[in-house]
Amino acid sequence: MNVLIINAGSSSLKYQLMDPETGAVSAKGLCERIYIDGRLTHNANGKKIVKDIPMPTHSEAIQAVLSALVDPDNGVISSMKEIDAVGHRVVHGGESFASSVLITDQVMQAVEDCTPLAPLHNPANIIGIEACRAVLGHDVPQAAVFDTAFHQTMPEHAYLYSIPYEYYENDKIRRYGFHGTSHRYVSLRAAEILGRDPAELKVVSCHLGNGSSLAAIDGGRCVDTSMGFTPLVGLPMGTRAGDMDVGVVEFIANKYDMTISEAVNLLNKESGMLGLSGVSSDFRDLEQAAEKDHHRATVALEIFEYRVRKMIAEYAAAMGGVDVVVFTAGVGENAPETRAHILQGLGFMGITCDPEKNNCRGKEQIISQDGAPVTVMVVPTNEELMIAQDTMELVLDQE
Ligand code: AMP
């Protein structure tokens, strides 16, 4: 089976053509500068092709992707008929979706209804789905895989905010959490690697990248996660502040004559590692600066590590124990020193780090000491594989 995986952003669109049974990716790429001019970067058959193609809307971008896939010289399929299904990453499913679904008109309406919860992301996802329908026709099944769905199993005490209850009842203001597809993939894969049933395991999943979040997964069900109503909260991230006193928003807005949107934008785009260090939002740059004793870069990394460490312990407490800690995403997979610093001091709860095993990047690896009560491991995330597998299962169930 060939599943086309689409991750549509407001002015960009990432894609992969994957066989969900083997995970083999025959082509992948990126459309950028949609609505501006348009550029396609297409990787297939060991070659990378970059082409400027007018993309006044997402439809032309999808059209460019399909043309590249069937291109007689560099294509990977001979006709669009070889695309069996399309799987879309959709950011926000609100409380309407606790799992992936095949897209119908009702689903489209429900995704549209979630737009106030993700005003920047859901419209782009909807446009991506509509563009695929327009270009491929309604006969090719399409599925929506939500970033929020995995977290829908959280209990009330984890997802409700302590604000007047009417705001939850009337406006659905609550913790939703994001990165759900990644947390689900790495927790399942960790159980698979260990030869254990996910239903038996208490897992703390650490998705540490430009955006970062932790999830507590008890018996395969998410019971808590660190992102909230928006992805702004929880850990400090590349440019996002993470948890902080919201009174600061009012203080900054008043003092610097900013609107609330401007102040929140500062917390989203100019804070986190970038704001603290003044160097960069990129962890590689921070590590380099810290090596040269740049104080603010060093402190930024220390704050990040301290907050992840505290949250691992918090989530172990939330579950009444922990069997597995998993690291994933750009930093979690590739930054051994940051992992080692995070794990320092957690020995009291059976969490250890073997320096030799931890000296690895981008591969599946157990990094805890032999015989330690808690298994700590690195599992590279693969959200696309989850999207492709969910799509395949939904299509096969329907047949
Ligand atoms: P992601 O959002 O998952 O793509 O992760 C991006 C982050 O991972 C960036 O801050 C990168 O600096 C970081 N990253 C990627 N490779 C490395 C590496 N080898 N060492 C440290 N950080 C890395």
Side-chain angles (χ1 to χ4, degrees), residues 147 150-151 177-190 203-217 222 224-228 231-243 268 271-277 279-290 297-316 322 324-346 351 353 357-368 374-383 386:
D147 247 24
F150 183 58
H151 303 305
F178 299 87
H179 294 145
T181 312
S182 174
H183 288 301
R184 180 159 67 107
Y185 173 78
V186 298
S187 57
L188 289 173
R189 181 70 193 133
V203 180
V204 176
S205 166
C206 308
H207 178 111
L208 311 178
N210 189 35
S212 294
S213 69
L214 257 62
I217 301 157
C222 177
D224 209 344
T225 193
S226 61
M227 284 180 166
L232 171 58
V233 294
L235 298 165
M237 311 183 208
T239 62
R240 296 186 193 126
D243 287 340
N268 262 313
S271 300
M273 298 289 112
L274 174 66
L276 278 166
S277 69
V279 172
S280 171
S281 62
D282 192 296
F283 277 71
R284 279 165 293 200
D285 298 341
L286 295 175
E287 284 179 2
Q288 276 180 13
T298 308
V299 172
L301 287 169
E302 280 171 2
I303 291 172
F304 179 79
E305 292 155 2
Y306 172 68
R307 298 266 290 269
V308 179
R309 184 186 312 133
K310 277 205 303 187
M311 203 176 274
I312 291 173
E314 183 185 331
Y315 282 0
V322 56
V324 182
V325 175
V326 190
F327 286 98
T328 196
V331 178
E333 292 166 26
N334 299 300
E337 214 171 307
T338 301
R339 284 195 302 256
H341 291 163
I342 289 169
L343 295 168
Q344 252 167 29
L346 291 177
I351 296 176
C353 178
K357 294 185 196 157
N358 183 42
N359 191 15
C360 66
R361 289 189 162 88
K363 62 169 191 162
E364 290 176 349
Q365 167 90 45
I366 293 175
I367 60 169
S368 45
V374 179
T375 307
V376 184
M377 55 204 295
V378 177
V379 177
T381 195
N382 195 343
E383 291 161 280
M386 278 271 90

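Please read these numbers as outputs of a predicted model, since none were measured by experiment.
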Taking NZ, NE, NH1 and NH2 as the nitrogens, is one of them in Glu364 or Arg189 under 4.0 Å from a carboxylate oxygen of the other?
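Judged by the 4.0 Å cut-off on N to carboxylate O distance, Glu364 and Arg189 do form a salt bridge.
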Do [X] and [Y] have side chains that get closer than 4.5 Å, going by heavy atoms?
X	Y	result
Ser226	Tyr315	yes
Glu383	Arg184	no
Pro236	Met273	yes
Glu333	Thr381	yes
Leu343	Ile367	yes
Arg284	Asn334	no
Thr181	Phe150	no
Val324	Val376	no

For the [atom1] atom of [X] and the [atom2] atom of [Y], what is their distance to the nearest 0.5 Å?
X	Y	atom1	atom2	result
Leu346	Lys310	CG	NZ	12.5 Å
Asp243	Met227	CG	CE	11.0 Å
Phe304	Ser212	CZ	OG	4.0 Å
Thr239	Leu276	OG1	CG	11.5 Å
Met237	Leu208	CE	CG	10.5 Å
Leu214	Met311	CG	CE	6.0 Å

Donor-acceptor contact present, side-chain Arg309 to main-chain Gly345, <3.5 Å
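Not a single qualifying donor-acceptor pair exists.
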Between Lys357 and Gln365 (side chain of the first, backbone of the second, donor and acceptor by atom type, cut-off under 3.5 Å), is there such a pair?
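Not at all, since once roles are kept as given, no pair shorter than 3.5 Å links the two residues.
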List the steps and the verdict of side-chain contact (heavy atoms from CB on, under 4.5 Å) for Met377 and Val186.
CA-CA 10 Å; Met377 55 204 295; Val186 298; over 6 Å; no
Relative to each other, are the rings of His179 and His207 parallel, tilted or perpendicular (30° and 60° limits)?
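The rings of His179 and His207 lie parallel, inter-plane angle below 30°.
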Exactly one of Ile312, Val325, Val204 should register a side chain to side chain contact (heavy atoms under 4.5 Å, CB included) with Val374. Which one does?
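Checked Ile312, Val325, Val204 against Val374; only one passes side chain to side chain contact (heavy atoms under 4.5 Å, CB included): Val325.
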Could you tell me which non-hydrogen atom of [X] sits nearest to which non-hydrogen atom of [Y], and how far apart they are?
X	Y	result
Ala215	Cys222	CB-SG, 4.5 Å
Arg307	Gly234	NH2-O, 3.2 Å
Arg240	Gly211	NH1-CA, 4.0 Å
Thr225	His151	OG1-CE1, 3.5 Å
Leu286	Ser280	CD2-O, 3.6 Å
Leu232	Asn268	CD1-OD1, 3.5 Å

Begin with the C-alpha distance, continue with both residues' side-chain angles, and end with the deciding distance and a verdict on side-chain contact (heavy atoms from CB on, under 4.5 Å) for Ser182 and Thr328.
CA-CA 8 Å; Ser182 174; Thr328 196; 3.9 Å; yes
Salt bridge (Lys or Arg N to Asp or Glu O under 4.0 Å) with Arg361: which residues, sequence neighbours excluded?
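Partners of Arg361 by the salt bridge (Lys or Arg N to Asp or Glu O under 4.0 Å) criterion come out as none, since no residue qualifies.
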